[in-house]
Amino acid sequence: MLITLDGAGPRYAQITRALRNLIQSGGLPFDARLPPTRELARDLNCSRNIVLLAYEQLVLEGYLVSRQGAGTFVSPAWPRSGRDTGPVAAKAVPMRVSSRGRQMVDAAEKARAAMARRPGLAIDFMYGLCDPDPRVVARLRAAFNSALRSRTFRYGPPTGDPELRQQVVDRIRGSRGITCTPDQIVITNGAQQALDICVRLLLDPGDRMVVEDPGYASAHAVFIGAGATLVRVPVDSQGLDPETLPRDGKSVRAVYVTPSHQFPTGAVMPAARRYALIDWARRRGAYIIEDDYDGEYRYAGQPVAALAALEPHGRVIYCGTFAKSLFPSLRLAYLVVPPGLAHALVHAKWLSDLGSSALLQHALAQLMATGEYDRHIRRMQKHYRSRRQVLLGALKRHLGDAAGVVGASAGLHVVLWFTKLPPERVTSLVDACAARGVGVYPIGGHATRRLRHAGLILGYGLTEATQIERGIELLAAAYQEISAMAPPPRRAAGSKRR
Ligand SMILES: Cc1ncc(COP(=O)(O)O)c(C=O)c1O
């Protein structure tokens with residue numbers, strides 16, 4: 001038999017590959033008999049054992065079948081289209097999952113679609129992402145190597161690395177006004193896991209939970225996946241308004257809020273509303289889950305103390321993450337829990353994954369202990385402040401009064417409301433930007449009510465200052481194109497508004 005070997009790697013692997021390719025390309029039809037191993041070995045000038053190894057591998061992969069006393073054949077069960085050139089994936093026949101599983105998948109599908117990133121664009125204003133600077137990456141590499149040298153190979157405590165928890169306690173006292181002990185800190189794999197654990201621990205299926213609208217779709221998906229019934233309350237320019245919280249007397253187990261930089265609108269909740277929210281939660285016996293996802297970056301206004309700093313009676317669970325202060329792939333975050341909840345939370349975390357990576361936590365604790373983490377934050381604050389200035393300047397220059405910018409006082413994104421463009425036309429605007437190589441993202445995926453205007457979230461965690469000017473110029477051109485086109489026929493009135 002004539003087969004061509006590619007010369008790469010061990011001989012048995014070359015023969016396996018050549019035969020597999022031959023089968024996939026139709027060169028060996030169903031049920032074709034392969035030459036005896038001795039014969040092929042002679043043809044290929046190699047030992048019979050090498051050919052035997054290749055045949056065994058292909059039997060294992062399902063391409064060949066061996067029939068006692070008859071020889072080796074191309075498997076008739078091998079599924080092929082006749083034009084296959086690569087390995088064939090098993091056909092995905094949807095399999096039954098539980099109704100809870102269905103709920104999880106539906107919620108996650110919706111949230112992921114709302115936040116999907118457009119691939120391959122030259123200038124991308126994707127939010128929620130950032131790159132650390134090379135200096136901190138080098139320090140982290142050294143800290144990680146040192147964790148390997150010190151043989152940090154065992155499971156760590158499920159609460160997290162003791163040094164890291166102490167470092168977190170020291171940071172949030174100064175920066176967020178939160179006084180707590182390391183026993184109240186639980187290190188998690190990102191804020192996402194922190195929220196997942198909290199909601200599963202605190203809510204029974206069907207329990208009501210208040211969330212912001214618009215709000216963080218990923219978190220809402222976690223809550224829905226855990227069986228919570230969401231009560232969506234509108235946010236305004238000061239974030240969630242405690243006046244709009246449910247007053248129907250029915251139980252509410254928890255409120256999830258982003259008071260320091262509301263996601264996505266960027267509103268900062270003033271102190272009076274914070275006290276009113278705490279008061280409401282206390283009277284209703286509800287927990288507050290405070291997500292402070294980008295609190296490290298604040299550019300204007302006085303810092304407002306975290307809800308967890310204002311409420312000494314154990315109603316607030318605070319969540320911080322290293323996703324913005326360092327980078328999202330680190331997957332490390334933390335919860336500050338009331339003392340009375342610490343025991344339960346640690347067990348829930350243990351149940352979930354036995355604890356976050358001890359190696360990574362050890363490395364991060366070293367980064368913080370040496371002061372390198374704080375230096376990094378200070379450098380990044382300067383860096384993002386200047387990017388933000390470039391962005392605000394470009395928006396003013398290219399869009400003028402056509403769009404209002406909000407939420408620019410903190411974080412790594414701003415929100416742009418187009419005063420004359422109805423929300424239905426935002427998809428056309430996004431597409432027109434994509435056609436010019438610019439990625440912009442609608443706010444609508446995070447809202448359930450009809451918005452008054454078309455709105456975009458513009459992230460600047462990834463976008464270099466040099467690209468921002470050009471990106472906004474192209475966004476303005478796309479806006480001109482879309483607003484010059486005739487609007488599509490209006491839908492029936494009667495939907496709710498922002
Ligand atoms: C509101 C909010 N919370 C939390 C996070 C970060 O989550 P994680 O720590 O799971 O990456 C983000 C990321 O964009 C966010 O927007």
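Between the side chains of Tyr216 and Asp291, not a single donor N or O lies within less than 3.5 Å of an accepting N or O. Checked by atom type, the side-chain pair Thr229/Arg208 shows no donor-acceptor distance below 3.5 Å.
The existence of a salt bridge linking Asp31 and Arg67 is confirmed by a sub-4.0 Å separation between a basic side-chain nitrogen and an acidic carboxylate oxygen. Remark: Arg176 engages Asp292 in a salt bridge, criterion side-chain N to carboxylate O under 4.0 Å. Under a 4.0 Å N-O distance rule, the pair Arg379/Glu372 qualifies as a salt bridge. Note on Arg200 versus Asp196: salt bridge recorded, some NZ/NE/NH1/NH2 to OD/OE distance being below 4.0 Å. Checked for salt-bridge contact, Asp106 and Lys110 miss the test: no charged N lies under 4.0 Å from a carboxylate O. The pair Arg436-Glu481 counts as a salt bridge, with a side-chain nitrogen and a carboxylate oxygen less than 4.0 angstrom apart.
Heavy-atom contacts from other residues, nucleotides or ligands closer than 6.0 Å to CZ of Arg171 number more than 12. No more than 12 heavy atoms of other residues, nucleotides or ligands lie within 6.0 Å of CG in Asn45, so this atom counts as exposed by the packing criterion. Enclosure of atom CE in Met104 is not indicated, since only 12 or fewer non-hydrogen atoms of other residues, nucleotides or ligands lie within 6.0 angstrom. Heavy-atom contacts from other residues, nucleotides or ligands closer than 6.0 Å to CZ of Arg38 number 12 or fewer. Within 6.0 Å of the CZ atom in Arg33, the count of heavy atoms belonging to other residues, nucleotides or ligands exceeds 12.
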- Show your reasoning for whether side chain to side chain contact (heavy atoms under 4.5 Å, CB included) applies to Thr16 and Leu58. CA-CA 7 Å; Thr16 310; Leu58 290 168; 3.8 Å; yes
- Message: Please evaluate residues Asp353 and Gln193 with respect to the criterion side-chain hydrogen bond (donor to acceptor under 3.5 Å, both in side chains), reporting the C-alpha separation (whole Å), side-chain torsions for both, the decisive distance (0.1 Å), and the verdict.
- Response: CA-CA 10 Å; Asp353 64 1; Gln193 185 192 40; 3.1 Å; yes
- Are Phe125 and Tyr441 close enough, and set up right, to give a ring-ring contact (aromatic ring centres under 6.0 Å, His included), and what steps lead you there? CA-CA 8 Å; Phe125 290 100; Tyr441 298 89; 9.0 Å; no
- Query: Please walk me through it: do Glu296 and Gln381 pass side-chain hydrogen bond (donor to acceptor under 3.5 Å, both in side chains)?
  - Reply: CA-CA 8 Å; Glu296 294 80 10; Gln381 280 167 342; over 6 Å; no
- Under the side chain to side chain contact (heavy atoms under 4.5 Å, CB included) rule, what do Val59 and Val65 come out as? Steps first, then yes or no, please. CA-CA 6 Å; Val59 168; Val65 281; over 6 Å; no
- Test Tyr287 against Leu201 for side chain to side chain contact (heavy atoms under 4.5 Å, CB included), laying out the working first. CA-CA 12 Å; Tyr287 286 102; Leu201 196 63; over 6 Å; no
- Task: Output, in order, the C-alpha distance, side-chain angles, deciding distance and verdict of side-chain hydrogen bond (donor to acceptor under 3.5 Å, both in side chains) for Gln366 and Ser146.
- Result: CA-CA 9 Å; Gln366 280 188 44; Ser146 135; 2.9 Å; yes
- Query: Given Asp124 and Arg118, is the salt bridge (charged side-chain N to carboxylate O under 4.0 Å, His left out) satisfied, shown in steps?
  - Reply: CA-CA 8 Å; Asp124 195 356; Arg118 293 232 177 189; over 6 Å; no
- Task: Go through the steps to decide whether Thr265 and Gln262 satisfy the test side-chain hydrogen bond (donor to acceptor under 3.5 Å, both in side chains), and finish with yes or no.
- Result: CA-CA 6 Å; Thr265 64; Gln262 202 275 330; 2.5 Å; yes
- Could you walk me through whether Arg42 and Glu39 pass salt bridge (charged side-chain N to carboxylate O under 4.0 Å, His left out), step by step? CA-CA 5 Å; Arg42 205 178 40 238; Glu39 193 183 307; 5.2 Å; no
- Task: Assess whether side chain to side chain contact (heavy atoms under 4.5 Å, CB included) is satisfied between Thr159 and Lys349, documenting all intermediate values.
- Result: CA-CA 8 Å; Thr159 35; Lys349 166 68 182 169; over 6 Å; no
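Asn21 is listed as a side-chain neighbour of Gln24, based on a closest heavy-atom distance under 4.5 Å. Side-chain contact between Met209 and Val231 is absent, with no heavy atoms from C-beta onward closer than 4.5 Å. Annotation: side chain of Val186 is in contact with side chain of Val346 (closest heavy-atom distance under 4.5 Å). Counting heavy atoms from C-beta on, the side chains of Leu458 and Met126 never come closer than 4.5 Å. Between Leu326 and Leu367 the shortest side-chain heavy-atom distance falls below 4.5 Å. Annotation: side chain of Ser356 is in contact with side chain of Leu332 (closest heavy-atom distance under 4.5 Å). No side-chain heavy atom of Leu416 sits under 4.5 Å from any side-chain heavy atom of Ile457. Contact check for Tyr63 versus Leu19: no side-chain heavy atoms found under the 4.5 Å cut-off.
Panel note: side chain Asn145, backbone Leu148; no donor-acceptor pair is recorded below 3.5 Å. Side-chain atoms of Glu163 never come within 3.5 Å of backbone atoms of His362 as a donor-acceptor pair (strictly under, hydrogens ignored). Judged by distance alone, the side chain of Tyr297 and the main-chain N or O of Lys324 form a donor-acceptor pair under 3.5 Å. A donor-acceptor pair is defined here as one N or O able to donate and one able to accept, closer than 3.5 Å; such a pair exists between the side chain of Thr152 and the backbone of Ala147.
Residues passing the ring-ring contact (aromatic ring centres under 6.0 Å, His included) test with Phe144, sequence neighbours excluded: none. The ring-ring contact (aromatic ring centres under 6.0 Å, His included) test applied to His413 returns His261, Phe263, not counting sequence neighbours. For Glu61, the salt bridge (charged side-chain N to carboxylate O under 4.0 Å, His left out) test picks out Arg20, with sequence neighbours left out. Applying the side chain to side chain contact (heavy atoms under 4.5 Å, CB included) test to Leu354 and every residue at least two apart in sequence or in another chain returns Tyr155, Trp350. For His383, there are no ring-ring contact (aromatic ring centres under 6.0 Å, His included) partners two or more places apart in sequence or in a different chain. For the ring-ring contact (aromatic ring centres under 6.0 Å, His included) test, residues two or more places apart in sequence or in another chain that qualify with Tyr373 are Phe322.
Rounded to the nearest 0.5 Å, atoms CD (Glu469) and OG1 (Thr463) are 13.5 Å apart. Here the SG atom belonging to Cys46 is positioned 7.0 Å from the CG atom belonging to Leu40, to the nearest 0.5 angstrom. Taking SG from Cys198 and CD1 from Ile317, the interatomic distance works out to 4.5 Å, rounded to the nearest 0.5 Å. Of the inter-residue distances, the one linking Gln467 atom CD with Ile123 atom CD1 reads 5.5 Å to the nearest 0.5 angstrom. Atom CG of Leu462 sits about 7.5 Å away from atom CZ of Arg387, to the nearest 0.5 Å. Atom OG1 of Thr188 is separated from atom CG of Leu195 by 8.0 Å, given to the nearest 0.5 angstrom.
Ring geometry for Tyr299 versus Tyr460: interplanar angle of 30 to 60°, hence tilted.
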